[in-house]
There are 2 protein chains.
Amino acid sequence: METRELRYFVAVAEELHFGRAAQRLGIAQPPLSRAIQQLERRLGVALLERTSRTVTLTEAGSVLLREGRAALDAVDAADRRTRRAATGRPGLVLVTKAGASGDLLRKLLDAYAAEPGAVTVDVLLCGPAEQEPLLRDGRADVALLHRPFDSTTGFDTEELCTEGQVALLPAGHPLTTRAHLQMADVTALPGLPMPRWPAPDGTYPDGPGPRVRDSAQLFQLIALGRASAVLPESCRTHLRGDLVAVPVLDAPTVTTVIAWPPHSRSRAVAGLVRAATRL
Amino acid sequence: METRELRYFVAVAEELHFGRAAQRLGIAQPPLSRAIQQLERRLGVALLERTSRTVTLTEAGSVLLREGRAALDAVDAADRRTRRAATGRPGLVLVTKAGASGDLLRKLLDAYAAEPGAVTVDVLLCGPAEQEPLLRDGRADVALLHRPFDSTTGFDTEELCTEGQVALLPAGHPLTTRAHLQMADVTALPGLPMPRWPAPDGTYPDGPGPRVRDSAQLFQLIALGRASAVLPESCRTHLRGDLVAVPVLDAPTVTTVIAWPPHSRSRAVAGLVRAATRL
DNA sequence: GGCGGCGATACCTCCCCGGTATCGATTGCC
DNA sequence: GGCAATCGATACCGGGGAGGTATCGCCGCC
């Protein structure tokens, strides 16, 4: 199976439309049809059910979609990491959610930088659920992930710290006088819905809350009295004056972990992880 | 990057010889040379240093060897799992070291078989260090691994049980009268060296011990007074009469884990894991 | 029933993969 | 020191296959 065929199949499987998939791939539709047929013939497996009106995935097709994406990520990672290795400038890319674990990150970078043989660490900030693909396809070397929100499946990890969560409310809100809250108090606040974060593909789930892309937007919306949120308590360290954090006792505990792709034999990653576990 | 190019590069990187690599790939040498040149040109990276007498890997080349192998495994896994999904016979392949965790495996299979919706589980027995590649390239769905001997890096795992280790000695050996031993007692037994197991590529490490391929060979050699071994204590359950097991107090504890590839959304794998954790 | 949308087919072109023959460089040997 | 052997690179050729355009066949819809 060639990566070209995999790319073609993934495109069709995602679009469920040969014409659009071909457009996305920058080729004409007929070669795409033929490539998929050939892939099915070589595998001896029907991947798609076509009526002349609609395309759907077979059972085997959805398996290949899932596995094929993983395989393409692995190929992309090989490409990127090889290119990076050739630049001669050894450097790490660490990715974390913007606005999370600020203190921890600073301490980690300081501790690592003090080590002998430390390389430069580029910090990449991104939205939630964007870290996983970055780590998987080689655009990043290490990530700070937050369980249970992020899935650490397929990565090697070390736990760094755990913390409770707090509700963020606009200053002056009645609940801000309370010493602590329960989840039930905040999930159904009238007029303060939970915001919606984008999925990895950039789309937003359905729901009542406002759409947010980063923590600055979120804080702004909370300050305006248009939303509320439950976040790890470390977010208090850079809290604006117009927001109040109240502990939520029964919210799930958040564990910050440092994660890196397996078979990462890189000296630099190992050093960074060692620095992290010693914090 | 196409998988063909990756396969070619991995072959050359492993052989460090264009002629032999070409032979292994079943093509002539000139197309192979060209393919590698083209790969280097497209990546913009030197992967190999050729003198007209010898071929060596560059830094970037060894990165691509590691990452490329992982990528090829992922592609192979996609192929195999798609084919398997298409057969319609949902079945699982569980791989474990021959002779290890016999009781646990039996209990696991019984417990899972009793579940509603259980599928057939094919058991694949193999030598040590062979499980990882099987799981990685899709020939197996689940494995029973034994830490710290097997690396679980890159897999999702659940711990099943932990146990101490025992020294296996021929009946009548002086040490068999002892109630327990230390590692130091057994590592340097005169005339009873530790046997050597094959690496994943089938070669044996250097050393004094006899070469063994499976536990039957091992037991035979120990009974003959030609070797000794330190094994998890569960091996006692199917011990021959001419062997004696003595606990080794300071040997590392062995943890049996059930491991499966990440993104395995399969219902069957999930069911088997659930059955395993409930044991 | 005609129209429009969609995937499949037919057919053509050209690139690139693989093969053979050969070169050029390095090494080891007498 | 020169000659042969070894090994990777180069030159050149032929065929298969990838991609393009034109068109067909099928189906849903006004």
Side-chain angles (χ1 to χ4, degrees), chain A residues 1-62 64-65 68 71-72 75 79 86, chain B residues 1-62 64-65 68 71-72 75 79 86:
Chain A
M1 210 164 19
E2 290 304 311
T3 62
R4 185 185 56 89
E5 300 175 296
L6 270 183
R7 269 184 247 280
Y8 286 7
F9 173 74
V10 169
V12 174
E14 283 177 355
E15 300 282 349
L16 290 177
H17 189 290
F18 280 75
R20 276 196 301 274
Q23 195 173 355
R24 197 174 107 184
L25 293 166
I27 64 171
Q29 171 259 321
L32 181 56
S33 284
R34 258 187 316 157
I36 302 292
Q37 289 175 50
Q38 180 172 331
L39 178 60
E40 289 180 306
R41 209 172 330 118
R42 281 217 274 252
L43 284 172
V45 165
L47 300 170
L48 300 166
E49 302 279 359
R50 306 95 150 140
T51 74
S52 79
R53 212 55 188 172
T54 169
V55 176
T56 56
L57 282 173
T58 63
E59 190 68 25
S62 49
L64 185 57
L65 176 56
L72 288 177
V75 172
D79 184 316
Chain B
M1 210 164 22
E2 290 303 313
T3 62
R4 186 184 55 89
E5 300 176 294
L6 270 182
R7 269 184 246 280
Y8 286 8
F9 173 74
V10 169
V12 175
E14 285 178 355
E15 300 283 347
L16 291 178
H17 189 292
F18 280 74
R20 277 196 300 275
Q23 195 174 354
R24 196 173 109 185
L25 292 166
I27 64 171
Q29 169 258 320
L32 180 57
S33 283
R34 257 188 318 156
I36 302 292
Q37 289 176 51
Q38 181 173 331
L39 178 60
E40 289 180 306
R41 209 173 329 118
R42 280 216 275 254
L43 284 172
V45 165
L47 300 170
L48 300 166
E49 303 279 1
R50 303 96 150 142
T51 74
S52 79
R53 212 55 188 174
T54 169
V55 176
T56 56
L57 283 172
T58 63
E59 190 68 25
S62 50
L64 184 59
L65 175 57
L72 288 177
V75 172
D79 184 316

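Chain A is the first sequence line, chain B the second, and so forth, proteins listed ahead of strands; every chain is numbered from 1. What you see is a predicted model, and the numbers here were worked out from it, not measured in a lab.
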Would B:Leu65 and B:Val10 count as a side chain to side chain contact (heavy atoms under 4.5 Å, CB included) here? Give the steps. CA-CA 6 Å; B:Leu65 175 57; B:Val10 169; 4.0 Å; yes
Verdict with reasoning, A:Leu64 to A:Leu6, per side chain to side chain contact (heavy atoms under 4.5 Å, CB included): CA-CA 9 Å; A:Leu64 185 57; A:Leu6 270 183; 4.0 Å; yes
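The rotation axes computed at either terminus of the helix from C:dG1-D:dC30 to C:dC30-D:dG1 lie 10° apart, taking five pairs at each end and rounding to 10 degrees.
Applying a 4.0 Å cut-off to non-hydrogen atoms, the residues of residues 43-50 of chain B that approach DNA chain D are B:Arg50, listed by residue number.
Protein chain A touches strand DNA chain C; the 5'-most and 3'-most nucleotides with an atom under 4.0 angstrom of its non-hydrogen atoms are C:dG4 to C:dT9.
Mapping B:Gln37 and A:Gly26 onto DNA chain D by nearest heavy atom places B:Gln37 at the nucleotide closer to the 5' end.
With contacts defined as side-chain heavy-atom distances shorter than 4.5 Å, the pair B:Leu16/B:Thr54 does not qualify.
Shown here are the side-chain hydrogen bond (donor to acceptor under 3.5 Å, both in side chains) partners of B:Arg7, two or more places apart in sequence or in another chain: there are none. For the salt bridge (charged side-chain N to carboxylate O under 4.0 Å, His left out) test, no residue two or more places apart in sequence or in another chain qualifies with B:Arg4. For B:Arg34, there are no salt bridge (charged side-chain N to carboxylate O under 4.0 Å, His left out) partners two or more places apart in sequence or in a different chain. In this structure A:Thr3 satisfies the side-chain hydrogen bond (donor to acceptor under 3.5 Å, both in side chains) test together with B:Glu2, sequence neighbours excluded.
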Review item, side-chain donor-acceptor pairs of residues 22-33 of chain B, under 3.5 Å, at least two apart:
| from | atom 1 | to | atom 2 | distance (Å) |
| --- | --- | --- | --- | --- |
| B:Arg24 | NH1 | B:Glu14 | OE1 | 3.3 |
| B:Arg24 | NH1 | B:Glu15 | OE2 | 3.0 |
| B:Arg24 | NH2 | B:Glu14 | OE1 | 2.8 |
| B:Gln29 | NE2 | B:Ser33 | OG | 3.1 |

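The distance between atom NE2 of A:His17 and atom P of D:dC27, rounded to the nearest whole Å, is 17 Å.
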All N/O contacts under 3.5 Å from nucleotides 23-26 of chain D to the protein, with atom names and distances to one decimal?
none

Distances under 3.5 Å between nitrogen or oxygen atoms of protein and nucleotides 13-18 of chain D:
| from | atom 1 | to | atom 2 | distance (Å) |
| --- | --- | --- | --- | --- |
| D:dA18 | OP1 | A:Arg4 | NH2 | 3.3 |
| D:dA18 | OP2 | A:Gln38 | OE1 | 3.2 |
| D:dA18 | O5' | A:Arg4 | NH2 | 3.2 |

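The salt bridge (Lys or Arg N to Asp or Glu O under 4.0 Å) pairs that include a residue from residues 48-62 of chain A are A:Glu40-A:Arg50, where partners are two or more places apart or lie in different chains.
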